Amino acid sequence: MAGRLVVLAGPDEGRVFPLTGDALLLGRSRATDTQLIDPHVSRVQCEVKRGDGQYVLTDFESPGGTFVNGKQVKQHTLQAGDLIRIGATHLQYVDEPGSPAAPAAAPPRRTGKSVRADRWAQALVGQTFSHYQLGTILARGKSGFVFHARDVKRNLPVVVKVLNPDFSHDAKKVQRFVKAMKTVLPLRHPHLLRVYGAGKTEGYCWAAKEYVRGESLAAVIGRVAVAGHLEWRRVTHVAFYIGQALEYAHARKIVHQNVTPQNILLGHQVKEAKLADLMLATALEEDPTVPISAAGVPSESLAYMSPERTDGPGKANDPRTDVYSLGATVYAMLTGRPPFQGSTVDELVQKIRLEAPPPLASLNPRVPEALEAIVRRMLAKRSQDRQQTMREFLKDLKEFAKERGAEK
């Protein structure tokens, strides 16, 4: 019996780890077999070990936990097609072709392309775009790579997002990207991640952004199952700051369209919360319903999309779609999971469009009823049933906080 682990999503997307020996250590450390770059994975997270014709996955008491098919595990005997999550990295256990237990789900269609992408991205380390020198790779997404970098003019740490090289081959896409970056460059708000510069260099479209010392909200939510629920007062403070950033954007006719925990960065203090990637979903015409693998596995962002956003790109250029997505993010902060979950895109979209989310109180009894009412309205299926503006949401939140003595 032989198999492999395929990284479906996360900073190391596209990598494949063959299970050729007796054991495979997963983690960030050089002592592991994977040396993942995902900062939310432990140095030594878990192990896949062969025994009695099967592979057994064992978690090494990692702070964020190891999950298989959505459930946290200490030990699990892998079955063909099992989906594993560690940190922000999603992997799938796949039997080698020809094995009688081979899964119906094939590995990602993009695997070959992703390997080439690794090469081009690695080749950019040390190069300078305008006055931004690229350092090590920080993360990987569907649209490209994020690098640690330095503004050599101001001797300032920044991050630079470089889009996949094939993006620049489409003149219309480049024009849309340039227009989007021109829109966001002048924006200044304490809770919006600032864009310092953007351009096209040697065939690569890129944007230089503010560097935040902290972590993504997705990493914080990912630890809820282990560390316990976030205190609801802290949740309302984060929601208020991000809501202010969105109100500022909406006043300038800009709809984010991709408000998710992955796009919210938390500094050392809650008041340092910042919303990232404003206008990027619009510039890239990202379709949240595109699966991340041939098995139909949904992207992490889809779970936070409004019902109307599941119709595809360009179908929800309305501030009320951001109200829904912020509501879904608040729901996840309070419960440790988005309002809806599904193993395939079709299943998840069906739930987003037709089902009611589980009551907050059923997942976190400490959530005040008045706060649940605010979130429930944000998650209304019809946009006309939600708060109609971000200002209206902020007003609701202020009134709630005042009643509970939780003003910031």
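Values reported hereafter were calculated over all heavy atoms of this structure, with side chains retained and with hydrogens, waters and symmetry mates removed. The structure displayed is predicted, hence computed values, not measured ones.
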Undergrad: Count the heavy atoms belonging to other residues, nucleotides or ligands that lie under 6.0 Å from CD of Gln175, then report whether that count exceeds 12.
TA: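 Atom CD in Gln175 is not crowded, with 12 or fewer foreign heavy atoms closer than 6.0 Å.
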Undergrad: Can a donor-acceptor pair be found, under 3.5 Å and without considering hydrogens, that links the side chain of His191 to the backbone of Leu246?
TA: no
Undergrad: Roughly how far, to the nearest 0.5 Å, is OH of Tyr93 from CG of Leu5?
TA: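 The distance works out to 8.5 Å.
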Undergrad: Please check this pair: side chain of Thr321 against backbone of Asp318, looking for a donor-acceptor N/O pair closer than 3.5 Å.
TA: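 Checking the backbone N and O of Asp318 against the side chain of Thr321, no donor-acceptor pair under 3.5 Å is found.
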Undergrad: Checking Gln54 against Thr77: is there a side-chain donor and acceptor pair closer than 3.5 Å?
TA: no
Undergrad: Ion pair present between Arg233 and Glu231, side-chain N to carboxylate O less than 4.0 angstrom?
TA: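 Salt bridge flag = yes for Glu231 with Arg233.
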Undergrad: Take His256 and Leu275 through the test side-chain contact (heavy atoms from CB on, under 4.5 Å) and record every step on the way to the result.
TA: CA-CA 10 Å; His256 193 290; Leu275 178 65; 3.6 Å; yes
Undergrad: May I ask you to decide if Val178's main-chain N or O and Lys200's side chain share a donor-acceptor pair within less than 3.5 Å?
TA: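 Absent.
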Undergrad: His76: which residues meet the ring pair (Phe, Tyr, Trp, His ring centres under 6.0 Å) condition with it, sequence neighbours left out?
TA: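 Expected list: none.
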Undergrad: More than 12 non-hydrogen atoms from neighbouring residues, nucleotides or ligands closer than 6.0 Å to CZ on Arg188, yes or no?
TA: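 Above 12, so yes.
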Undergrad: Looking at Glu61, I want to see if its CD is surrounded by more than 12 non-hydrogen atoms of other residues, nucleotides or ligands under 6.0 Å.
TA: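 Open.
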Undergrad: Is a side-chain N or O of Arg309 found less than 3.5 angstrom from the main chain of Gln257, in a donor-acceptor match?
TA: yes
Undergrad: With a 4.5 Å heavy-atom cut-off, do Arg4 and Phe17 have their side chains touching?
TA: no
Undergrad: Within the side chain of Gln133, is there an N or O that forms a donor-acceptor pair under 3.5 Å with the backbone of Arg150?
TA: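 Judged by distance alone, no pair lies under 3.5 Å.
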Undergrad: CD/Glu210 to CG/Leu193 distance, rounded to the nearest 0.5 angstrom?
TA: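 Spacing of CD (Glu210) from CG (Leu193) equals 5.0 Å.
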Undergrad: For atom NZ of Lys49, is the number of surrounding heavy atoms from other residues, nucleotides or ligands below 6.0 Å larger than 12?
TA: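 Open.
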Undergrad: Just checking, any donor-acceptor pair under 3.5 angstrom between side chains of Arg28 and Ser42?
TA: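 Short answer, no.
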Undergrad: Between CG of Leu266 and NE2 of His268, what distance do you get to the nearest 0.5 Å?
TA: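 Going from CG on Leu266 over to NE2 on His268, the span is 11.5 Å.
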Undergrad: Minimum heavy-atom separation for Leu24 and Pro18, please, with both atom names.
TA: CD1-O, 4.5 Å
Undergrad: With Asp396 as reference, evaluate Lys402, Arg377, Arg391 under the salt bridge (charged side-chain N to carboxylate O under 4.0 Å, His left out) test and give the passing residue.
TA: Arg377
Undergrad: Ignoring hydrogens and angles, tell me if any N or O in the side chain of Asn364 forms a donor-acceptor pair with the backbone of His229 under 3.5 Å.
TA: no
Undergrad: Salt bridge check: are Arg213 and Glu272 linked by an N-O gap of less than 4.0 Å?
TA: no
Undergrad: Do Val323 and Met390 come within less than 4.5 Å of each other through their side chains, counting heavy atoms only?
TA: yes
Undergrad: The test is side-chain contact (heavy atoms from CB on, under 4.5 Å); show your working for Leu302 and Thr310 and say whether it passes.
TA: CA-CA 8 Å; Leu302 178 58; Thr310 63; 4.2 Å; yes
Undergrad: Is any side-chain heavy atom of Asp277 less than 4.5 Å from a side-chain heavy atom of Lys209?
TA: yes
Undergrad: Distance to the ring centre below 6.0 angstrom and angle to the axis at most 45 degrees; does that hold for Arg252 and Tyr248?
TA: yes
Undergrad: Taking Asp151 for the side chain and Arg154 for the main chain, is one N or O donor matched with an acceptor at less than 3.5 Å?
TA: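 Such a contact is found between Asp151 side chain and Arg154 backbone.
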Undergrad: Quick one: are the ring centres of Trp232 and Phe400 less than 6.0 Å apart?
TA: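 Ring centroids of Trp232 and Phe400 are less than 6.0 Å from each other.
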Undergrad: State, yes or no, whether a side-chain contact exists between Cys205 and Phe177 at a heavy-atom distance under 4.5 Å.
TA: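 Yes, at least one pair of side-chain atoms sits under 4.5 Å.
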Undergrad: Would Gln45 and Thr66 count as having a side-chain donor-acceptor pair, cut-off 3.5 Å?
TA: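 Yes.
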Undergrad: Show every side chain to side chain donor-acceptor pair (under 3.5 Å) that has at least one partner inside residues 326-341, sequence neighbours left out.
TA: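 Passing the test, one end in residues 326-341: no pairs.
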Undergrad: Evaluate the side-chain contact (heavy atoms from CB on, under 4.5 Å) criterion for residues Phe393 and Leu326: first the C-alpha distance (whole Å), next the side-chain angles of each, then the deciding distance (0.1 Å), finally the verdict.
TA: CA-CA 10 Å; Phe393 159 69; Leu326 181 57; 3.7 Å; yes
Undergrad: Do the side chains of Leu217 and Leu265 get nearer than 4.5 Å, heavy atoms only?
TA: no
Undergrad: Hey, does Asn258 have a side-chain heavy atom less than 4.5 Å from the side chain of Asn263?
TA: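 They are in side-chain contact.
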Undergrad: What's the spacing between Gln387 CD and Glu392 CD if we round to 0.5 Å?
TA: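 One finds 6.0 Å between CD of Gln387 and CD of Glu392.
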Undergrad: About how many Å separate SG of Cys46 and CD1 of Ile84, when rounded to the nearest 0.5 Å?
TA: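 Those atoms lie 7.0 Å apart.
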Undergrad: Please determine if Arg320 and Asp385 form a salt bridge, counting it only when a charged side-chain N lies under 4.0 Å from a carboxylate O.
TA: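 The answer is no: the pair does not qualify as a salt bridge.
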Undergrad: Does Gln350, at its CD atom, have more than 12 non-hydrogen atoms belonging to other residues, nucleotides or ligands within less than 6.0 Å?
TA: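 Result for CD/Gln350: open.
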Undergrad: In sequence, state the C-alpha distance, the side-chain angles, and the governing distance for Asp59 and Ser62, and then conclude on side-chain hydrogen bond (donor to acceptor under 3.5 Å, both in side chains).
TA: CA-CA 7 Å; Asp59 177 71; Ser62 58; 2.6 Å; yes
Undergrad: Would you confirm whether Lys173, through its side chain, and Asp166, through its main-chain N or O, come within 3.5 Å as a donor-acceptor pair?
TA: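 Not at all, since once roles are kept as given, no pair shorter than 3.5 Å links the two residues.
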Undergrad: Please check: side-chain N/O of Asp33 versus main-chain N/O of Leu25, any donor-acceptor pairing under 3.5 Å?
TA: yes
Undergrad: State which residues pass salt bridge (charged side-chain N to carboxylate O under 4.0 Å, His left out) with Arg376; sequence neighbours excluded, sorted by chain then number.
TA: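 Expected list: Glu372.
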Undergrad: Nearest heavy-atom pair of Gln122 and Ile137: which atoms, and what distance?
TA: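 That closest heavy-atom pairing would be NE2-CD1, 3.7 Å.
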Undergrad: Kindly give the heavy-atom pair with the smallest separation between Gly135 and Phe147, and that separation in Å.
TA: O-CD2, 3.5 Å
Undergrad: Are Leu124 and Phe129 side-chain neighbours, meaning at least one heavy-atom pair lies under 4.5 Å?
TA: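 Yes, their side chains come closer than 4.5 Å.
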Undergrad: Between Val56 and Gln75, is there a side-chain heavy-atom distance shorter than 4.5 Å?
TA: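 Heavy-atom side-chain distance check passes, below 4.5 Å.
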Undergrad: Does Phe67 have Arg85 sitting over its ring (NZ/CZ under 6.0 Å from centre, angle to axis within 45°)?
TA: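 Because its charged atom sits under 6.0 Å from the ring centre and within 45° of the axis, Arg85 does stack over Phe67.
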Undergrad: Any idea which heavy atoms bring Val330 and Ala239 closest together, and the distance?
TA: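 Of all heavy-atom pairs spanning Val330 and Ala239, the closest is CG2-CB, 3.7 Å.
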Undergrad: If you take all heavy atoms of Leu379 and Pro339, which pair is closest and at what distance?
TA: CD1-CG, 4.0 Å
Undergrad: Is it true that a side-chain atom of Arg15 and a backbone atom of Thr34 form a donor plus acceptor pair closer than 3.5 Å?
TA: yes
Undergrad: Distance from Ile264 atom CD1 to Gln262 atom CD, nearest 0.5 Å?
TA: 9.5 Å
Undergrad: side-chain contact (heavy atoms from CB on, under 4.5 Å) for Leu371 and Leu397? Distances and angles first, verdict last.
TA: CA-CA 8 Å; Leu371 179 57; Leu397 202 58; 4.2 Å; yes
Undergrad: Compare every heavy atom of Ser306 with every heavy atom of Arg386, then report the nearest pair and how far apart it is.
TA: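 Residues Arg386 and Ser306, closest heavy atoms: NH2-CB, 4.1 Å.
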